[in-house]
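Here the structure comes first, spelled out in structure tokens, and everything after it is commentary.
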Amino acid sequence: MTTRVIIVDDQAMVRAGFAALLASRSDIDVVGEAPDGAQGVELSRRTHPDLVLMDVRMPVMDGLEAARRLLSPPPGVTHRPRVLMLTTFDVDDYVYEALRAGASGFLLKDAPPADLIAAVRVVASGDALLAPSVTRRLIADFAKQRPTARSKPALRLKGLTERETEVLTLIARGRSNTEIAQTLVLAEQTVKTHVSRVLTKLDLRDRAQAVVFAYESGLVAPGE
């Protein structure tokens with residue numbers, strides 16, 4: 001199965017480089033490029049990609065607003081691609097907000113080529129890309145800097161079983177399904193079932209949103 005990708009970045013050389021790299025893989029098809037968020041949204045609505053590689057900082061419309069429009073489309077628009085944010089900085093306010101909006105993770109622009117290809121495949125498969133140390137630090141930093149009213153998220157936690165709460169806690173700490181299975185002495189398929197139930201009960205799209213929720217609900221404290 002081929003993953004259809006569009007690249008949204010204001011630097012032509014970056015777009016060309018990413019496009020050439022991804023197009024060289026038989027399972028990835030680059031179906032378009034755009035120089036800003038507004039054109040990226042329009043291009044996505046026309047081409048219906050599986051995944052949008054979205055730069056954070058762009059003129060006309062930045063990546064955050066474009067991600068919001070793609071992930072919360074207006075009535076009548078049913079297509080919602082997965083969005084992978086691209087950033088030059090390892091800690092960026094925009095990226096945190098994009099995760100809250102439903103983006104499936106982010107990748108540093110200077111990451112090795114193999115990491116970009118792997119990231120596209122991971123996100124396209126339906127998982128979230130949580131660059132372990134960087135993403136956890138980013139979310140923890142902004143959760144600490146922006147105290148939120150936690151009553152509503154905390155109330156939603158009550159709908160989880162004790163085991164599901166344990167699984168969510170480990171997700172927030174950046175553990176993979178394999179690591180969670182080892183920690184809780186469970187079969188990996190059982191962990192996948194628990195993860196799916198957690199996402200469904202909390203109405204979360206993927207693991208990236210689960211990490212954000214865990215911090216904002218107070219289940220996991222920054223710095224833990």
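For reference, positions follow the sequence shown, starting with 1. For clarity, every value in this text was computed on a predicted model and none was experimentally measured.
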Discussion item. Nearest 0.5 Å, please: how far is NE2 in His194 from CD in Gln189?
Written reply: 11.0 Å

Worksheet item: Can you tell if the side chain of Val30 reaches within under 4.5 Å of the side chain of Phe18, non-hydrogen atoms only?
Response: no

Worksheet item: Between Val198 and Thr200, is any pair of side-chain heavy atoms under 4.5 Å apart?
Response: no

Discussion item. When you measure from the side chain of Arg15 to the backbone of Asp9, do you find a donor-acceptor pair of N or O atoms at a distance under 3.5 Å?
Written reply: yes

Fill in: Point-to-point distance, once rounded to the nearest 0.5 Å, from CG of Leu202 to CD of Glu164
8.5 Å

Discussion item. Please give me the minimum heavy-atom distance between Ala210 and Ile171, naming the atom from each residue.
Written reply: CB-CG2, 4.2 Å

Fill in: Spacing of Lys201 atom NZ and Lys158 atom NZ [to the nearest 0.5 Å]
15.0 Å

Fill in: Residues Asp27, Arg121: salt bridge by 4.0 Å N-O rule
yes

Worksheet item: After noting the C-alpha distance and the side-chain angles of Leu160 and Leu168, does the key distance pass the side-chain contact (heavy atoms from CB on, under 4.5 Å) rule?
Response: CA-CA 9 Å; Leu160 301 181; Leu168 176 58; 3.9 Å; yes

Fill in: His79 side-chain N/O to Pro49 backbone N/O, donor-acceptor pair under 3.5 Å
yes

Item to complete: Nearest 0.5 Å please: distance from the OG1 atom of Thr193 over to the CD atom of Glu188.
Response: 11.0 Å

Worksheet item: Considering all heavy atoms of both residues, which atom of Pro81 and which atom of Leu71 are nearest to each other, and what is their separation?
Response: O-CD2, 3.4 Å

Practice prompt. Taking all non-hydrogen atoms of both residues into account, name the closest pair between Met54 and Ala66 and its distance.
Written response: CE-CB, 3.5 Å

Item to complete: Supply the atom-to-atom distance Arg173 CZ to Glu179 CD, rounded to the nearest 0.5 angstrom.
Response: 13.0 Å

Practice prompt. For Asp55 and Lys109, run side-chain contact (heavy atoms from CB on, under 4.5 Å): C-alpha distance rounded to whole Å, both residues' side-chain angles, the deciding distance at 0.1 Å, then the answer.
Written response: CA-CA 9 Å; Asp55 188 21; Lys109 280 188 176 183; 3.2 Å; yes

Worksheet entry | Intermediate values then yes/no, side-chain contact (heavy atoms from CB on, under 4.5 Å), Val167 and Thr169 | CA-CA 5 Å; Val167 169; Thr169 300; over 6 Å; no

Worksheet item: Under 3.5 Å, is there a donor-acceptor pair between the side chain of Thr190 and the main chain of Leu186?
Response: no

Practice prompt. Would you indicate whether the side-chain heavy atoms of Met58 and Val8 approach each other to under 4.5 Å?
Written response: yes

Practice prompt. Considering non-hydrogen atoms only, spot the tightest contact between Leu219 and Thr165 and give its length.
Written response: CD1-CG2, 3.7 Å

Worksheet item: Which atoms form the tightest heavy-atom contact between Met85 and Ala103, and what is the distance?
Response: CG-CB, 4.0 Å

Response to the item:
Between Ile28 and Leu22, the two heavy atoms sitting closest are CB-O, 3.6 Å

Discussion item. Any heavy-atom pair between the side chains of Leu86 and Phe106 that's under 4.5 Å?
Written reply: no

Worksheet entry | Asp203 atom CG: more than 12 heavy-atom contacts under 6.0 Å | no

Discussion item. Any side-chain to backbone donor/acceptor pair from Arg45 onto Gly40? Under 3.5 Å, distance only.
Written reply: no

Practice prompt. Would you confirm whether Asp29, through its side chain, and Val31, through its main-chain N or O, come within 3.5 Å as a donor-acceptor pair?
Written response: no

Discussion item. Quick check against the 3.5 Å criterion: does Asp50 have a side-chain atom that pairs as donor or acceptor with the backbone of Arg4?
Written reply: yes

Worksheet item: Going by heavy atoms in the side chains, are Leu53 and Ile6 under 4.5 Å from each other?
Response: no

Practice prompt. Walk me through it: do Leu70 and Val83 pass the test side-chain contact (heavy atoms from CB on, under 4.5 Å)?
Written response: CA-CA 8 Å; Leu70 290 176; Val83 176; 4.3 Å; yes

Worksheet item: Is any side-chain heavy atom of Arg69 less than 4.5 Å from a side-chain heavy atom of Met61?
Response: yes

Worksheet entry | Ser44 and Val52, any side-chain heavy atoms less than 4.5 Å apart | yes

Item to complete: Check whether any side-chain N or O of Gln39 sits under 3.5 Å from a backbone N or O of Asp36 as a donor-acceptor pair, and report yes or no.
Response: no

Worksheet item: So, Arg82 side chain and Leu51 main chain: donor-acceptor pair closer than 3.5 Å or not?
Response: no

Discussion item. For Ala214, is there any backbone N or O sitting under 3.5 Å from a side-chain donor or acceptor partner on Ser217?
Written reply: yes

